[in-house]
Amino acid sequence: MTSSNPYNSIQPVQWKNDNLFLLDQRLLPKIETYNEYSDLKSIANAITDMVVRGAPAIGVTAAYGIVIAARTRFTESAENWKSLIQQDLDFLANARPTAINLAWAIAKMRPLIDAQQGNPYDTLLNTAKTIHQNDIENNVKIGNYGASLLGHCSVLTHCNAGALATGGYGTALGVIRSGFAEGKIEHVYADETRPWFQGARLTAWELKKDNIPVTLITEGAAGWLMKQGKIEWVIVGSDRIVANGDVANKIGTYNAAVLAKHHGLKVMVAAPTSTIDMDTLSGNDIPIEERSKNEVFVVEGNQIATEGINAWNPVFDVTPASLVDAIVTEKGIVENPTLEKMQKLME
Ligand code: MRU
């Protein structure tokens, strides 16, 4: 964590005593507890099961997971570890399909594995720590760039793109933290974000911890909030931004963007370049994760829907570039994104 970062109290991913510790986000805000991980399969399952979530946090976790996999495989066979670890990388890659930061982290670590002579532990661990540290530093840059676009305003955010969803500080919440510190943001509205309630459980928790004024709303209230003139910006994170500027993010982001357009409000997507996938040309080609129907039927162990009906649970959607006013990265801002502008950013 950088010493210049004033908001360093929330650390979802920690490396301690040669193992990985993940803050169990499924239990927040009621219980704040870390689980310890010392094998790759449990780490991949922790990603799938939402112990850790948010695209950049998933990427950082994957990098540490590969360190642990390499340690296990090298102990098993100093001769064959490079071939044995391939099944671990495949297993990890399938933990969640939409957040590109998972594939990005694997792509960063793989060449080091290929080139390694001898015990890979130190090299891979140093790289994982660098990925983690860079993510935090990039978020602070994103926060400052994003805040530079704001006038005096109130904002709506969706899901959780905060410290919990990243190495620390947050992307959308990084912009909100920087904007609030600069005296530009008056109030934050947080969508509760069904079915996992990341807004109610995580975003509201983070903002309260930092004394940033937050009001929780149901997603259905967003249009009426806008109609009442209560916000100027929608600020969200992303799981994958593709070459033409289309943005995958938590289901409901598209609704918020369409509503913002209707009400003449602005939409900002804050994300590190590790979330940008220039190999995918349009949002139509982004794999959208669908999760269990039970996540829709059941809230905190209570079945709320009638038995014997169907449910559909896509957990991300794609907001077309035409609805996005600005993509804010650590490398700079892309206003009204197009293929050409995204290519220039990623040159
Ligand atoms: O299902 P989740 O909680 O992993 O979804 C997270 C989001 O959609 C975030 O907005 C996105 O990953 C950006 S996090 C900085």
Side-chain angles (χ1 to χ4, degrees), residues 7 10 12-13 22-28 46-62 95-105 132 135-136 138-143 146 156-177 190-206 219 234-241 247-257 267-277 286-292 295-296 313-319 324 327-330:
Y7 297 111
I10 302 169
V13 183
L22 298 175
L23 178 58
D24 193 334
Q25 299 193 30
R26 299 168 303 182
L27 307 179
L28 289 172
I47 294 172
T48 306
D49 296 342
M50 308 281 287
V51 173
V52 62
R53 32 65 50 200
I58 291 171
V60 171
T61 300
R96 285 192 81 187
T98 306
I100 193 66
N101 301 61
L102 178 56
W104 176 90
H132 191 176
D135 186 64
I136 298 166
N138 288 342
N139 289 340
V140 175
K141 288 184 194 159
I142 290 168
L156 172 69
T157 190
H158 186 69
C159 192
N160 171 268
L164 289 168
T166 62
Y169 198 68
T171 55
L173 288 197
V175 173
I176 287 169
R177 287 189 162 101
D191 269 345
E192 63 180 2
T193 318
R194 272 188 58 84
W196 275 82
F197 294 99
Q198 288 94 333
R201 295 188 305 104
L202 309 179
T203 295
W205 179 77
E206 281 199 32
E219 270 120 300
V234 173
I235 305 180
V236 293
S238 174
D239 283 81
R240 190 186 299 222
I241 300 169
V247 172
N249 193 46
K250 178 54 53 196
I251 191 80
T253 302
Y254 174 58
N255 304 32
V267 175
M268 183 191 303
V269 177
T273 52
S274 54
T275 299
I276 297 178
D277 171 12
I286 300 175
I288 298 295
E289 179 181 5
E290 292 192 14
R291 295 180 67 93
S292 161
E295 293 183 355
V296 179
N313 187 21
V315 298
F316 297 99
D317 59 27
V318 176
T319 298
V324 175
I327 292 173
V328 179
T329 75
E330 78 281 6

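Numbering of ligands and ligand atoms starts at 1, following listing order.
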Enquirer: At what distance, to the nearest 0.5 angstrom, does CZ of Arg177 lie from CD of Glu206?
Expert: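 One finds 4.5 Å between CZ of Arg177 and CD of Glu206.
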
Enquirer: Return the CG to OG1 distance between Leu202 and Thr193, rounded to the nearest 0.5 Å.
Expert: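 Rounded to the nearest 0.5 Å, the CG-OG1 separation comes to 9.0 Å.
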
Enquirer: For ligand 1, is Thr275 a contact, meaning one of its heavy atoms is under 4.0 Å away?
Expert: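 In this structure, Thr275 fails to qualify as a contact of ligand 1 - no heavy atom is under 4.0 Å.
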
Enquirer: State, with a plain yes or no, whether a side-chain heavy atom of Arg26 is found less than 4.5 Å away from one of Val51.
Expert: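 Arg26 vs Val51: side chains touch.
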
Enquirer: For Cys159, take its heavy atoms, then give the atoms of ligand 1 lying under 4.0 Å from any of them.
Expert: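 Heavy-atom distances to Cys159 below 4.0 Å select 5 (O), 6 (C), 7 (C), 8 (O).
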
Enquirer: Using heavy atoms and a 4.0 Å limit, tell me yes or no: is Pro56 in contact with ligand 1?
Expert: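 Right, Pro56 reaches ligand 1.
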
Enquirer: Could you say whether the N/O atoms of Ala161 and ligand 1 ever approach to under 3.5 Å?
Expert: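 Min N/O separation from ligand 1 is not below 3.5 Å for Ala161.
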
Enquirer: Looking at CG of Leu173 and OG1 of Thr166, how far apart are the two atoms once the value is rounded to the nearest 0.5 Å?
Expert: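 Answer rounded to 0.5 Å: 8.5 Å.
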
Enquirer: So which heavy atom in the protein is nearest atom 15 (C) of ligand 1, and how far is it from that ligand atom?
Expert: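 So the nearest neighbour among protein heavy atoms is Thr171 OG1, 3.1 Å.
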
Enquirer: Just verifying a value: how many Å separate Ile47 CD1 and Thr61 OG1, rounded to the nearest 0.5 Å?
Expert: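 That separation rounds to 5.5 Å.
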
Enquirer: Does a side chain donor of either Asn101 or Thr275 reach within less than 3.5 Å of an acceptor in the other side chain?
Expert: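 The answer is yes; a qualifying pair exists.
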
Enquirer: With a 4.0 Å cut-off on N to O distance, would you call Glu219 and Arg194 a salt bridge?
Expert: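 Looking at Arg194 together with Glu219, the answer is no, because their closest N to O distance does not fall below 4.0 Å.
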
Enquirer: Report yes if the side chains of Val236 and Cys159 come closer than 4.5 Å at any heavy-atom pair, otherwise no.
Expert: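 When only atoms from C-beta onward are counted, Cys159 and Val236 do not touch, as no gap falls below 4.5 Å.
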
Enquirer: Side chains of Asn249 and Ser238: do they bring a donor and an acceptor to under 3.5 Å?
Expert: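 The answer is no; no qualifying pair exists.
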
Enquirer: Show me which atoms of ligand 1 lie under 4.0 Å from any heavy atom of Gln198.
Expert: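 Those atoms are 1 (O), 2 (P), 3 (O).
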
Enquirer: For residues Arg201 and Asn160, is any side-chain donor paired with an opposing acceptor at under 3.5 Å?
Expert: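 The answer is no; no qualifying pair exists.
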
Enquirer: Test your reading of the structure: does Gly237 have an N or O sitting under 3.5 Å from an N or O of ligand 1?
Expert: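 N/O-N/O distance under 3.5 Å: no.
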
Enquirer: Near Lys250, which atoms of ligand 1 are under 4.0 Å from a heavy atom of that residue?
Expert: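 Atoms satisfying the 4.0 Å criterion: 1 (O), 2 (P), 5 (O), 8 (O).
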
Enquirer: Nearest protein heavy-atom contact for atom 10 (O) of ligand 1: which residue, which atom, what distance?
Expert: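 Result for atom 10 (O) of ligand 1: Asn249 OD1, 2.6 Å.
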
Enquirer: Looking only at protein heavy atoms, which one is nearest to atom 14 (S) of ligand 1, and what is the separation?
Expert: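 Nearest protein contact, heavy atoms only, for atom 14 (S) of ligand 1 is Ala165 CB, 3.4 Å.
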
Enquirer: For Met50, take its heavy atoms, then give the atoms of ligand 1 lying under 4.0 Å from any of them.
Expert: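 Reading through ligand 1 atom by atom, the close ones are 1 (O), 3 (O).
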
Enquirer: Taking distance alone, with no angle check, do Arg96 and ligand 1 share an N/O pair under 3.5 Å?
Expert: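 Arg96 vs ligand 1: N/O contact under 3.5 Å present.
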
Enquirer: List ligand 1 atoms under 4.0 Å from Phe316, heavy atoms only on the residue side.
Expert: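 By the 4.0 Å cutoff, the relevant atoms are 1 (O), 5 (O), 8 (O).
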
Enquirer: Counting only heavy atoms closer than 4.0 Å, does ligand 1 sit against the backbone of Ser238, its side chain, both, or neither?
Expert: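 Backbone only; the side chain of Ser238 stays clear of ligand 1.
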
Enquirer: Hey, does Leu164 have a side-chain heavy atom less than 4.5 Å from the side chain of Leu28?
Expert: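 Yes - at least one pair of side-chain heavy atoms lies under 4.5 Å apart.
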
Enquirer: Report, in ascending order of atom number, the atoms of ligand 1 lying under 4.0 Å from any heavy atom of Ala55.
Expert: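 Result: 12 (O), 14 (S).
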
Enquirer: By number and element, which atoms of ligand 1 are closer than 4.0 Å to a non-hydrogen atom of Thr166?
Expert: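 Checking each atom against Thr166, I get 15 (C).
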
Enquirer: Among Asp239, Val247, Asp135, which residue places a heavy atom closest to atom 11 (C) of ligand 1?
Expert: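 Minimum heavy-atom distance to atom 11 (C) of ligand 1 goes to Asp239.
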
